[in-house]
Amino acid sequence: MSTSEPRITGPTLKVLGALLSSGRVELSGAEISRATKVASGTLYPILFRLERAGWLESRWEDDNPKRLGRPRRRFYQVTNLGARNARAAVKDLEPAFGKVAWA
Amino acid sequence: MIWGVLSVGAAILIAVAGRIISDDVKEWLPWITRCLIERAVSRLPEGERERLEEEWWSHVNERPGGLAKIYAAYGYLSASKSIDKIVRSGESLRLAEPVSSACTLNIVGNTIQLVRGLSPLDNGRLSFTIIATQNGVSGTDTFDVIVVPAKDRA
């Protein structure tokens, strides 16, 4: 078992940012994709990796697919650990963003 | 005059052929989407197939237009490859903090209660060793448990 954290890539930060700043507690994969413009091929491995690391948790939509007439959505939300680590990751990047850019 | 009639005839033929082709393509788009999702799901580790198949169908259904659905479904091919790699490598299946600081074990009678204070234990595996001492004799046992969040328990 590895002891390192999930890789923090640009798309990973976008996904965490969308979940933390959406104003809603949880979002479906499609909503995250719309908010971040991260393609499905990149998004689901990120969600999978973050969930396995305990940064996200997910649950099915509370209804029967037959009643809904469509497949259920899976909703994701950031755990306390995920929120803490995401904020720490953003903080680590802040000095780079804060530097003066010379034209 | 003849050229005029021919032009009108050709225009009608092109319009009819265009309509037929367009209808045909519309019929094929859902089939292509289904094939791509089925192919992607078949490449997933067995334990993840059911969940991701429903989730991906749900995502695809929210995309407007047949081509957008195909584009999303095409992405699942690379997603399934990456997820399979994650599962095979055991990546991300870990505790972010040492167990000793992440949880407390209470022993009540012959029951061990795992008091969870942090979420990294959710959906994770936890190994712990208990050293019991009685009348100067020590015994050690190691346990490997899968932690299931309370809300998912039957």
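By convention in this document, chain letters (A, B, ...) are assigned in the order of the sequence lines, proteins followed by strands, and residues within each chain are numbered from 1.
No single ILVMFWY cluster, assembled from side-chain heavy atoms under 4.5 Å apart, contains both I32(A) and V25(A). When the side chains of ILVMFWY residues are joined at heavy-atom separations under 4.5 Å, either directly or via intervening members, W57(B) and F75(A) end up in two distinct hydrophobic clusters. Hydrophobic clustering (ILVMFWY, side-chain heavy atoms < 4.5 Å, transitive): Y76(A) and L81(A) are in one cluster. Residues L6(B) and I14(B) fall into different hydrophobic clusters, defined by Ile, Leu, Val, Met, Phe, Trp and Tyr side chains chained together at heavy-atom separations under 4.5 Å. I12(B) and V5(B) end up in different hydrophobic clusters when Ile, Leu, Val, Met, Phe, Trp and Tyr side chains are linked at under 4.5 Å.
Heavy-atom contacts from other residues, nucleotides or ligands closer than 6.0 Å to CZ of R70(A) number more than 12.
Between W60(A) and E55(B), the closest heavy-atom pair is CH2-N, 3.9 Å. Minimum interatomic distance between P45(A) and I86(B) (heavy atoms only, all atoms of both residues): O-CD1, 3.8 Å. Residues Y71(B) and S40(A) approach most closely at O-OG, 4.4 Å, considering heavy atoms.
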task: Decide side-chain contact (heavy atoms from CB on, under 4.5 Å) for R49(A) and I83(B); before the verdict, give the C-alpha distance in whole Å, the side-chain angles of both, and the deciding distance to 0.1 Å.
output: CA-CA 8 Å; R49(A) 196 176 275 130; I83(B) 290 170; over 6 Å; no
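Neither the backbone nor the side chain of E53(B) comes within contact range of chain A; no heavy atom of the residue lies under 4.5 Å from a heavy atom of that chain. When heavy atoms are compared at a cutoff of 4.5 Å, T42(A) does not approach chain B at all.
For the side-chain contact (heavy atoms from CB on, under 4.5 Å) with R73(A), the lone residue among E54(B), E62(B), H59(B) that qualifies is E62(B).
Going from atom OH of Y44(A) over to atom CG of L44(B) covers 12.0 Å, rounded to the nearest 0.5 Å. Within the model, atoms CG of L68(A) and CG of N61(B) stand 11.5 Å from one another, a figure rounded to the nearest 0.5 Å.
Looking only at side-chain heavy atoms (C-beta outward), R52(A) and V87(B) come within less than 4.5 Å of each other.
With sequence neighbours excluded, no residue forms a salt bridge (Lys or Arg N to Asp or Glu O under 4.0 Å) with R63(B).
Salt-bridge check for E51(A) with R51(B): passed, with a basic side-chain N closer than 4.0 Å to an acidic carboxylate O.
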